[in-house]
Amino acid sequence: MPRERTFIMIKPDGVQRGLIGNIIGRFEAKGFKLVALKLTSPSKEHLETHYEDLKSKKFFPGLIEYMLMGPVVAMVWEGMNAVKTGRVMLGATNPADSLPGTIRGDLCIDVGRNICHGSDSVESANKEIALWFNDDELNNYKHHSEAFVYENVLKEEAAPALPAAPAPAAVAAPSAVKEFAPYEGEYEELVTYSDDPSLGKKCPDMSTLVAVPKGHHDEFVGVGNGKPTCLVMFAKYLKYEAFPAVEAVSAYAAELGIDSAGLLLDNKEKDAKRFVEKNPCKCDIPLFFDPGWKVKDAFSAMLNDPVTLPSFYLFDKDGTIVWRQALSGMTGNMKLDKSQFDYQIRAFVAGNPLGSHGPSGISRDDSVAGPVSQEDVFATQEVADAVW
Ligand code: IDP
Ligand code: MG
């Protein structure tokens, strides 16, 4: 089933004016599934974080004052296109422009008292859900009327609609909606070449990984278990470089239904636990750590080079590597973000050929440094000393 989730909030005026039932009733009647709900009085700081992108606006102080007038009802609703449809149901930001039939169009007048909030994109929805709810407040259950709300639910359950995996990219001509734009920056570590030694290989054994208990709603299906999978490998010494990728795959899990996981290549449990405690990255994917670096070593053996971080792997439903991108310790403050792999994931899920950077022109037989650095950065003191 479509798993898109959106964060909907009834603001203090909606609560005070007795409109909670009316607003919830509309989402319920529409057919969306309620995943989380609470009446809560957030702090000023919390509201400032929620509206952080509006900080520079003249109306920001007034907005925060308004949001502090009383408790709000925070909710998560789930269903097909929940984010976009939720916004349509809310109506335009300014009620003067909201059409009749929408919540704002029917129930309020002034932009500074517009009674409700709804996430404006899947990305902000994920951020907002993580800001307002702990994982254990998000309820996993089956909506009894699913088959009466969605036409394809039964068919989808019988046979997943994802396309068969295309062959690993050679010098494939991209034919998806957008042109594939090979990465042209100065860091060759960012690109994956068609002669990357790991392409077309099966995912190494990962049974030694240990899950970091975090209560994610999303159970990891496992590489090669019938769903395409994204894996982001990262570690404390390259965390900010990896967080955009981790957040992006978290959103893909919700939007595209592909399986995703994060692999913390700090080999100590206490480091992995610290990551979870500090919660520095808003993500909703299962996380693992790698005792004894067995998995890291297996990936390195496959590459004939040390694994560098962060690394991003895309596997087909049978667990074959179809795309990989990596940074190395040499790339300074470069970030592995979705602009570097969004095309590939979408092309792959749509069954279109992947884009390719072509061959690297680097011979690996004489173990000359390839597109990844030869030095194993894990062996350095700087990495040992890094903290979450
Ligand atoms: P949205 O709630 O429709 O996403 P945003 O532009 O994100 O709209 O603004 C957040 C909230 O800030 C609005 O819902 C509204 O309460 C308030 N707001 C936006 N523009 C104005 C304004 O011009 N004056 C006063 N408040 C505003
Ligand atoms: Mg907004």
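Order of appearance sets the numbers: ligands from 1, and atoms from 1 within every ligand.
- When side chains are defined from C-beta on, L209 counts as touching L263, because their heavy atoms get closer than 4.5 Å.
- Contact annotation: the side chain of F288 never approaches that of V212 to less than 4.5 Å [non-hydrogen atoms, C-beta and beyond].
- Of the protein's non-hydrogen atoms, R87 NH1, 2.7 Å is the one closest to atom 4 (O) of ligand 1.
- For the pair H46/Y51, no side-chain contact is recorded, criterion being any heavy-atom separation below 4.5 Å from C-beta on.
- Within the 4.5 Å cutoff, the side chain of M302 has heavy atoms near those of the P204 side chain.
- The shortest separation from a heavy atom of R104 to ligand 1 is under 4.0 Å, placing the residue in contact.
- Atom 13 (C) of ligand 1 has its closest protein heavy atom at N114 ND2, 3.5 Å.
- Within the 4.0 Å heavy-atom shell around ligand 1 one finds K11.
- Counting heavy atoms closer than 4.0 Å to ligand 1, residue T93 contributes atoms from both its backbone and its side chain.
- For ligand 1, the atoms closer than 4.0 angstrom to any heavy atom of L54 are 7 (O), 9 (O), 10 (C).
- Considering each of Y51, F59, F60, Y66, the one bringing a non-hydrogen atom nearest atom 25 (C) of ligand 1 is F59.
- In the candidate list I64, V111, D120, V111 is nearest to atom 15 (C) of ligand 1, counting heavy atoms.
- A perpendicular orientation is assigned to the rings of F7 and F133, their planes being inclined by more than 60° (bins at 30° and 60°).
- The aromatic rings of F315 and Y313 lie parallel to each other, their planes meeting at an angle below 30°, with 60° marking the opposite boundary.
- Side chains of M9 and W132 form a contact here, defined as non-hydrogen atoms less than 4.5 Å apart.
- When only interatomic distances are considered, the shortest N/O to N/O separation between H117 and ligand 1 does not fall below 3.5 Å.
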